[in-house]
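Reading through the structure tokens given below for one structure.
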Amino acid sequence: MIGIKGIVLLTRFDYVDRFFGREALKSMTVSLEKNWPSQLMQPVGISKDYPEALLKAVDEQLLNEYFDNQVSRFFDLGVASAAAVVSRYFQLYADDKNPQGFLQQMARTRRFLIGLGELEVGQLNNTSVFIHLNYGQPYLESVLLSEIGFLAGGVQICGAGPVSYTIQGKGEFSIEFILEWAG
């Protein structure tokens, strides 16, 4: 994944800061700066493009040092990240209690907010959607789970009840799933 936006990295750093503390974040960034000095010497820009390899390094450190090698915890990271991102970029949909609107807007703005890949959303009924995510290349499981978690957290912030997802199909470059919630 070439062209991951800085906001994706920042949500991970924010997660470490909020759930593991400032010292853990400092330790993480010092460790990352050893291999990524040119990328991390400047503040991370929210809309700046970063290489997928940096995101992979961040996710590996999260997995090994903070998530006890449980890749499923990236879903929780995505849900937690939605709180900061939705309130900043999608507040209208939260105010209007419009989860469908949030997902449609996310599909339109994903390339500007997240970077590489495409998100397609098809409404099945008032409380469920069919989602097709195509990364255009092999994807990291951590990235997929955090994005599903972000979408689930986002629809909840926008008025949906408890959210679940069911994977319908999974390929090397893409995934299809149903996201549904209580009305």
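Numbers here are sequence positions counted from 1.
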Is there a donor-acceptor pair closer than 3.5 Å between any side-chain N or O of [X] and the backbone N or O of [Y]?
X	Y	answer
Tyr50	Ile7	no
Ser81	Leu77	yes
Thr29	Leu25	yes
Ser87	Ala84	yes

To the nearest 0.5 Å, what is the distance between [atom1] on [X] and [atom2] on [Y]?
X	Y	atom1	atom2	answer
Leu55	Leu116	CG	CG	11.5 Å
Thr11	Ile46	OG1	CD1	11.5 Å
Leu133	Ser174	CG	OG	8.5 Å
Leu10	Asp17	CG	CG	11.5 Å
Ile148	Leu144	CD1	CG	4.0 Å

(request) Mind jotting down which residue pairs meet the ring pair (Phe, Tyr, Trp, His ring centres under 6.0 Å) criterion with at least one end in residues 17-48? Sequence neighbours excluded, please. (result) Tyr15-Phe19, Phe20-Tyr66
By ring pair (Phe, Tyr, Trp, His ring centres under 6.0 Å), which residues pair with [X], not counting sequence neighbours?
X	value
Phe74	Phe67
Phe130	none
Phe102	Phe90

(request) Scan Val16, Ile4, Leu32 and name whichever one has a side-chain contact (heavy atoms from CB on, under 4.5 Å) with Val58. (result) Leu32
(request) From the options Val85, Leu145, Val8, Val155, select the one residue that forms a side-chain contact (heavy atoms from CB on, under 4.5 Å) with Phe150. (result)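 Only one of Val85, Leu145, Val8, Val155 forms a side-chain contact (heavy atoms from CB on, under 4.5 Å) with Phe150, namely Val85.
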Can you pull out every side chain to side chain donor-acceptor pair (under 3.5 Å) where at least one residue sits in [range]? Sequence neighbours excluded, please.
range	result
residues 146-155	Arg12-Ser146, Arg110-Glu147, Tyr135-Glu147
residues 92-102	Gln91-Asp95
residues 111-125	Asn125-Thr127, Asn125-Ser128
residues 153-173	Glu141-Lys170

(message) Would a single hydrophobic cluster contain both Val129 and Ile167, if residues Ile, Leu, Val, Met, Phe, Trp and Tyr are joined by side-chain heavy-atom contacts under 4.5 Å?
(response) yes
(message) Would a single hydrophobic cluster contain both Leu151 and Leu124, if residues Ile, Leu, Val, Met, Phe, Trp and Tyr are joined by side-chain heavy-atom contacts under 4.5 Å?
(response)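 As far as the 4.5 Å side-chain criterion goes, Leu151 and Leu124 are not connected within one cluster.
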Looking at every heavy atom in both [X] and [Y], which two are closest together, and how far apart are they?
X	Y	result
Tyr139	Gly171	OH-O, 3.2 Å
Gly154	Val86	CA-CG2, 3.8 Å
Ile157	Ala94	O-CB, 3.8 Å
Leu119	Ile131	CD1-CG2, 3.3 Å

(request) Using only heavy-atom distances, determine whether the side chains of Gln105 and Arg108 contain a donor-acceptor pair under 3.5 Å. (result) yes
(message) Any heavy-atom pair between the side chains of Leu113 and Lys5 that's under 4.5 Å?
(response)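 Not touching, per the 4.5 Å side-chain cut-off.
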(request) For residues Asp68 and Arg73, determine if any side-chain heavy atom of one lies less than 4.5 Å from a side-chain heavy atom of the other. (result)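 Side chain of Asp68 against side chain of Arg73, heavy atoms only: contact under 4.5 Å found.
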(message) I'd like to check the side chain to side chain donor-acceptor pair (under 3.5 Å) partners of Asn134; sequence neighbours left out, ordered by chain and number.
(response)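 Side chain to side chain donor-acceptor pair (under 3.5 Å) check on Asn134 returns nothing, list empty.
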(request) Mind checking side chain to side chain donor-acceptor pair (under 3.5 Å) for Arg88 and listing every partner two or more places apart, or none if nothing turns up? (result)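 Residues passing side chain to side chain donor-acceptor pair (under 3.5 Å) with Arg88: none at all.
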(request) May I ask you to list the residues sharing a hydrophobic cluster with Phe112, side-chain cutoff 4.5 Å, ordered by chain and number? (result)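 Under the 4.5 Å side-chain rule, Phe112 groups with nothing.
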Listing, residues 175-183 side-chain donor-acceptor contacts under 3.5 Å, not counting sequence neighbours, or none:
unit_1: Glu176; atom_1: OE2; unit_2: His132; atom_2: ND1; d: 3.1

